[in-house]
Amino acid sequence: MFIFIIRMLKHCFSLFCITFFLGAFTGCAITEPSQSEFVLGTICTITLYEQGKLQVYRDIFRRFREIEDRMSVGPEKTDVARINANAGIGPVKVHEDVFEVIERAVYYAEISEGAFDPTVEPLVSLWGIGGDNARIPLQEEIDAVLPLIGWRNIELDREHCTVYLKRSGMALDLGAIAKGFAADEAVEIVKKARIKRAIIDLGGNILVYGEKKDKSPWKVGIQNPFDSRGAYIGIVQVGEKTVVTSGVYERFFEAEGVRYHHILSPFEGRPARSGLLSVSIVTGQSMDADALSTAVFVLGYERGRALLESLEGVEGIFVLNDMSIRLTGGLDFILTDDNYRIVSD
Ligand code: AMP
Ligand code: MG
């Protein structure tokens with residue numbers, strides 16, 4: 001889906017500016033210069049501390065555009081578009097970046113029992129959420145598309161670096177995982193440039209690299225699901241981690257008082273109604289956090305928590321429809337909005 005928005009906005013929204021990043025980390029006003037650009041369907045803001053050379057910012061944004069050019073559903077030349085165009089026809093050789101992300105996506109599809117499913121694209125297109133043509137499809141339309149959704153029909157050949165969608169009409173959408181991959185790639189560039197600390201913010205998906213000068217933890221705000229971007233319900237204090245959120249507030253449309261958001265249940269073919277307003281995943285790698293945030297959002301609190309607890313070094317902040325917040329064990333979370341309450345099971 002992020003692709004569609006890119007296409008729409010690219011012409012009118014070429015944002016490349018030096019900003020001062022003050023808001024996203026409540027409690028620690030940061031006055032380091034940052035750079036923002038609209039890429040991967042969102043505003044990406046990079047903050048490099050101390051040795052933040054212009055060339056490093058450029059390299060990071062160039063890498064983001066490269067990822068976008070390989071992983072978007074459109075235009076036709078991207079690897080993902082070619083895979084989709086060859087569904088039911090034959091395997092497509094792809095760049096190793098693309099192979100790596102699809103392989104990881106299949107892993108998360110498997111461990112989430114299909115709650116996360118990169119073959120969700122036909123449903124994403126049908127609903128059009130986030131685009132100009134968003135609408136509630138007829139049940140017959142959903143029923144017609146559902147048989148095309150199924151990660152088990154992705155055939156990967158590591159040796160030849162090819163991907164094949166076995167059924168005609170199938171299509172991949174990597175919108176739930178590609179930003180995470182991009183954030184991890186940004187960190188690789190930061191490391192190579194020997195920059196000691198950085199914040200990678202891809203539309204609210206945060207990755208903090210390095211240690212703060214005073215050795216205190218980083219403070220990452222957790223978005224209020226009912227407010228505009230930048231309003232927080234609390235702060236999670238972390239070391240070198242990523243904090244990635246999937247929520248009802250990111251992309252949605254409303255019809256007759258019902259909110260239809262962009263995270264779809266591959267089983268029902270509709271926006272997932274799992275009792276969550278949002279879930280934030282805290283872990284080491286952003287690609288893992290990105291896939292898991294989407295998976296857990298679809299699974300809901302109980303099954304989602306069980307999934308997180310089966311994995312090493314992954315924590316979650318669940319915001320439920322009843323405004324309660326539940327946390328996995330190893331988190332340092334400070335609630336700042338008294339409309340919400342922390343509930344321990
Ligand atoms: P995120 O914001 O990371 O949760 O990703 C949501 C985006 O991923 C949507 O805009 C769709 O493009 C795609 N998507 C929606 N539902 C799913 C799902 N169940 N599994 C995988 N990708 C999905
Ligand atoms: Mg995601």
Side-chain angles (χ1 to χ4, degrees), residues 1-8 41 67-95 97-110 112-158 160-178 181 251 253 260-273 291 294-295 297-298:
M1 169 45 66
F2 70 80
I3 314 345
F4 182 77
I5 299 193
I6 291 167
R7 284 235 222 74
M8 254 182 9
I67 293 166
E68 179 180 303
D69 288 344
R70 291 183 180 139
M71 300 192 196
S72 300
V73 176
E76 286 159 27
K77 66 178 176 28
T78 74
D79 281 7
V80 167
R82 289 188 306 108
I83 295 168
N84 294 348
N86 284 284
I89 299 171
V92 173
K93 190 162 177 57
V94 296
H95 190 276
D97 285 351
V98 179
F99 192 89
E100 184 187 334
V101 172
I102 297 174
E103 197 173 49
R104 206 71 187 143
V106 168
Y107 166 75
Y108 281 106
E110 185 163 11
S112 69
E113 296 173 348
F116 176 92
D117 193 327
T119 66
V120 78
E121 201 285 331
L123 279 173
V124 174
S125 290
L126 186 62
W127 284 83
I129 297 167
D132 282 343
N133 302 319
R135 67 183 178 96
I136 307 167
L138 298 171
Q139 189 59 44
E140 297 97 273
E141 293 176 290
I142 294 173
D143 291 343
V145 159
L146 277 176
L148 298 172
I149 317 302
W151 61 275
R152 288 179 199 276
N153 286 327
I154 304 174
E155 203 170 80
L156 296 174
D157 179 341
R158 174 164 268 289
H160 300 101
C161 209
T162 61
V163 183
Y164 176 41
L165 303 179
K166 291 199 244 172
R167 290 187 64 160
S168 164
M170 281 180 75
L172 294 179
D173 177 331
L174 302 179
I177 188 168
F181 173 77
R251 272 172 208 152
F253 71 97
Y260 296 91
H261 59 74
H262 72 314
I263 304 168
L264 303 172
S265 160
F267 314 111
E268 292 173 16
R270 303 178 160 274
R273 285 170 298 187
T294 310
F297 187 93
V298 174

Please report the shortest heavy-atom distance between Arg167 and Ala87, naming the atom on each side. O-CB, 3.4 Å
Holding to side chain to side chain donor-acceptor pair (under 3.5 Å), I want the full list of residues that pass it with Glu141, two or more places apart in sequence or in another chain. Arg135
For Phe181 and Arg104: C-alpha separation, side-chain torsions, deciding distance, then whether side-chain contact (heavy atoms from CB on, under 4.5 Å) applies. CA-CA 10 Å; Phe181 173 77; Arg104 206 71 187 143; over 6 Å; no
Check: His261 main-chain N/O paired with Trp127 side-chain donor or acceptor under 3.5 Å: no
Taken to the nearest 0.5 Å, the spacing of Lys77 NZ from Asp69 CG works out to 4.5 Å
Would you name the heavy atoms of Ala171 and Pro122 that are closest together and state the gap between them? O-CD, 3.7 Å
Validation row: Val73, Val124 side chains within 4.5 angstrom (heavy atoms): no
Please check: side-chain N/O of Arg273 versus main-chain N/O of Ser265, any donor-acceptor pairing under 3.5 Å? no
Scan Asp173, Ile154, Asn153 and name whichever one has a side chain to side chain contact (heavy atoms under 4.5 Å, CB included) with Thr119. Ile154
For Tyr164, what residues pass the ring pair (Phe, Tyr, Trp, His ring centres under 6.0 Å) criterion, not counting sequence neighbours? none
Specify the closest pair of heavy atoms between Val101 and Met71, including all atoms of both residues, with the distance to one decimal. CG2-CE, 3.6 Å
Nearest-0.5 Å distance that lies between atom CG in Leu174 and atom CD in Glu121: 10.5 Å
Is the side chain of Asp79 donor-acceptor paired with the backbone N or O of His95 at a distance under 3.5 Å, no angle test? yes
Take the angle between the ring planes of Phe253 and Tyr260 and call it parallel below 30°, perpendicular above 60°, tilted in between. parallel
Starting at CD1 of Ile102, measure out to CG of Asp97 and round the result to the nearest 0.5 Å. 11.0 Å
Separation between CD of Gln139 and CG of Leu146, rounded to the nearest 0.5 Å: 8.0 Å
Check step by step if side-chain contact (heavy atoms from CB on, under 4.5 Å) holds for Ile177 and Phe116. CA-CA 10 Å; Ile177 188 168; Phe116 176 92; 4.1 Å; yes
Passes side-chain contact (heavy atoms from CB on, under 4.5 Å), Leu156 versus Val106? Steps please. CA-CA 9 Å; Leu156 296 174; Val106 168; 4.2 Å; yes
Rounded to the nearest 0.5 Å, what separation is found between the CG atom of Leu172 and the CZ atom of Arg82? 12.5 Å
Smallest heavy-atom separation, Ala115 atom then Phe267 atom, equals N-CZ, 3.6 Å
Check: Pro91 and Asp157 side chains under 4.5 Å, non-hydrogen atoms: no
Spatial distance of atom CG (Leu264) from atom CD1 (Ile129) [nearest 0.5 Å]: 5.5 Å
Nearest heavy-atom neighbours spanning Pro266 and Leu123: CA-CD1, 4.4 Å
N/O donor-acceptor pair under 3.5 Å between Thr78 side chain and Ser72 backbone: yes
Minimum-distance pair of heavy atoms, taken over all atoms of Met170 and Gly150: CE-O, 3.5 Å
